Participant: 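Please see the structure below; I have some questions.
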Amino acid sequence: MIDETHDATRRSWVASAQGSDFPIQNLPLGVFSPTGGPPRGGVAIGDQILDLAQAAASGLLSGEALAAAQAASGATLNPLLALGAAPRRALRRRLFELLSDGAQDQARVAAWLHPAADCTLHLPCAIGDYTDFYAGIHHALNVGRQFRPDNPLLPNYKHVPIGYHGRASSVRVSGAPVRRPNGQQKAPDVEAPVFGPARRLDLELELGVWIGPGNVLGEPVPIGEAEAHIAGLCLLNDWSARDLQAWEYQPLGPFLAKNFMTTVSPWIITAEALAPFRTAQAKRPEGDPTPLPYLMDEADQATGAYALQLGVLIRTPAMRQAGIAAHRLGQGPATNLYWTMAQLVTHHTVGGCDLRPGDLLGSGTISTPDDSGLGSLLELTRGGKEPITLPNGETRTFLEDGDELILAGRAVAEGFVSIGFGPCTGVVAPAPQA
Ligand code: CA
């Protein structure tokens with residue numbers, strides 16, 4: 001739904017908002033603690049964070065907007081996400097009004113702002129469950145080709161959204177160090193596995209979906225109603241130890257290769273903020289099956305994808321020391337997904353499984369069909385066979401200790417102010433002594 005909060009001519013009296021990831025048209029939700037204070041909900045505006053607990057106590061909010069701010073005053077946003085779209089939108093409209101150029105009460109609202117540089121950001125929700133899908137079809141093809149050149153996609157791929165239940169306990173917010181895992185590895189040409197630090201540590205560029213209202217056990221979410229369960233999106237890095245994965249994944253799928261850590265960007269870019277950036281789901285190639293009726297909805301096909309540009313950047317310790325900026329490994333659109341987010345939500349629940357507010361879904365690695373925007377080193381280096389060269393002459397096949405990996409995302413649409421996701425970063429730390 002497009003409303004006054006998407007008006008491209010509107011500016012904020014918070015000067016740093018203009019041109020940043022967080023202009024007044026974004027207003028993403030997160031959890032932060034100001035210096036010395038407990039965690040509470042906040043909204044990013046430029047280089048400031050608006051304190052929702054202070055807003056709730058101010059007397060300047062009423063009705064659904066007040067209810068939303070009150071639900072966001074604690075250490076997690078699960079209570080806010082449980083409320084659904086209407087209170088979230090009411091809060092957005094009221095904050096938009098209060099932060100707009102020329103707003104009354106500017107001095108009072110200014111007292112709710114904390115410089116982001118002085119704040120600690122936390123996970124926005126207590127994540128009950130995290131599920132990772134595999135909807136990036138070009139990633140599935142690129143990886144499949146390495147193992148099955150003639151038949152890269154398994155026969156189920158175009159019929160059923162592939163996913164596995166991930167590990168919620170090890171999801172961390174951007175900036176947390178990524179400890180290289182120890183584990184079992186077995187090279188194809190040796191008899192027995194060895195134990196030690198993973199040597200093929202990789203990233204996976206994904207979108208995360210934050211679940212709003214949940215569903216009751218045994219009551220699936222129909223495809224036409226799935227959007228109402230999506231509170232917003234974030235960037236998600238599904239760190240992966242490829243050598244552990246290759247040895248352990250059959251027959252039940254990823255386990256320790258994935259569960260040591262997942263990083264998300266701190267801000268929930270709300271469904272409301274993303275409204276102008278909705279676009280048609282990519283047409284399926286001629287000959288592909290039509291989704292089964294429970295996954296098929298015309299409105300979802302017409303607007304269920306997102307016009308986002310996603311990028312991957314790397315900065316090694318030597319680059320940091322030499323003052324060299326992070327190097328872009330690739331960039332591509334988020335439309336390279338074979339299933340919409342609504343289809344993922346509906347499929348997740350179709351057998352009766354209940355989603356809960358604050359649950360997290362991963363889209364699967366998003367890669368381009370060509371080499372311009374590959375979402376993993378596994379693809380960029382052809383399984384480690386073709387090292388990439390960085391601006392200072394260093395090479396990489398997989399991540400080394402001290403490497404910083406940065407995911408970036410931006411929404412772009414003609415006639416609207418572009419909004420960003422904020423960074424999703426992690427620096428690789430050495431494995432614990434085995
Ligand atoms: Ca993944």
Side-chain angles (χ1 to χ4, degrees), residues 127 129-147 152-154 156-157 160-172 174 178 180-181 183 198 200-211 233-250 252-265 306 308 310-312 329-330 332 334 336-341 343-345 347-348 359-368 373-381 383-384 398-399 405-407 409 421 424-426 428:
I127 304 167
D129 281 292
Y130 158 51
T131 301
D132 195 25
F133 283 94
Y134 198 54
I137 187 165
H138 302 300
H139 171 76
L141 281 164
N142 292 338
V143 174
R145 263 186 218 111
Q146 292 183 15
F147 301 99
L153 282 188
L154 292 168
N156 55 7
Y157 189 85
V160 54
I162 303 298
Y164 66 96
H165 286 112
R167 185 73 193 170
S169 68
S170 54
V171 179
R172 290 291 182 279
S174 175
V178 183
R180 181 185 300 275
R200 291 161 66 94
L201 182 61
D202 201 355
L203 71 123
E204 288 194 339
L205 166 65
E206 305 195 19
L207 280 174
V209 177
W210 290 106
I211 297 297
L233 304 183
C234 64
L235 301 171
L236 184 151
N237 189 341
D238 175 27
W239 304 99
S240 300
R242 301 299 180 194
D243 36 8
L244 275 55
Q245 188 176 357
W247 171 231
E248 74 176 7
Y249 87 108
Q250 287 175 322
L252 289 186
F255 188 38
L256 307 190
K258 304 276 192 175
N259 75 1
F260 58 95
M261 179 101 165
T262 303
T263 302
V264 292
S265 54
Y306 295 88
L308 306 174
L310 306 176
V312 179
L329 293 172
N336 285 314
L337 291 168
Y338 196 73
W339 303 97
T340 67
M341 301 309 188
Q343 287 174 317
L344 301 185
V345 166
H347 182 67
H348 202 300
D359 279 0
L360 178 66
L361 310 183
S363 62
T365 309
I366 306 176
S367 289
T368 47
L374 299 175
S376 69
L377 288 168
L378 185 67
E379 295 162 85
L380 275 161
T381 67
F398 291 95
L399 296 169
L405 207 290
I406 303 150
L407 306 183
F421 279 68
C424 179
T425 72
V428 178

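If you're wondering where the values come from, they're calculated on a predicted model, not measured in any experiment. Counting convention: from 1, in listed order, for ligands and their atoms alike.
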Participant: Can you find a heavy atom in the side chain of E204 that is under 4.5 Å from one in the side chain of K258?
Facilitator: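 Result yes, sub-4.5 Å side-chain heavy-atom pair found.
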Participant: Give the atom name of whichever N/O/S atom in E206 sits closest to the Ca ion (ligand 1).
Facilitator: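 Going by distance to the Ca ion (ligand 1), the closest N, O or S atom in E206 is OE2.
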Participant: Given W239, which of N259, T263, T262 fulfils the side chain to side chain donor-acceptor pair (under 3.5 Å) condition?
Facilitator: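 That would be T263.
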Participant: Could you point out which residue of D132, T131, L252 forms a side chain to side chain contact (heavy atoms under 4.5 Å, CB included) with Y164?
Facilitator: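 That would be D132.
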Participant: Name whichever N, O or S atom of D132 ends up nearest to the Ca ion (ligand 1).
Facilitator: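 Output for this pair reads OD2.
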Participant: What N/O/S atom of D238 is the closest to the Ca ion (ligand 1)?
Facilitator: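 The D238 atom nearest to the Ca ion (ligand 1), restricting to N, O or S, is OD2.
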Participant: Taking just the N, O or S atoms of E204, which one is nearest to the Ca ion (ligand 1)?
Facilitator: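 Considering only N, O and S atoms, E204 comes nearest to the Ca ion (ligand 1) through OE1.
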Participant: Tell me if the centroids of the rings in H165 and Y130 come within less than 6.0 Å of each other.
Facilitator: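 When the ring centroids of H165 and Y130 are compared, they turn out to be at least 6.0 Å apart.
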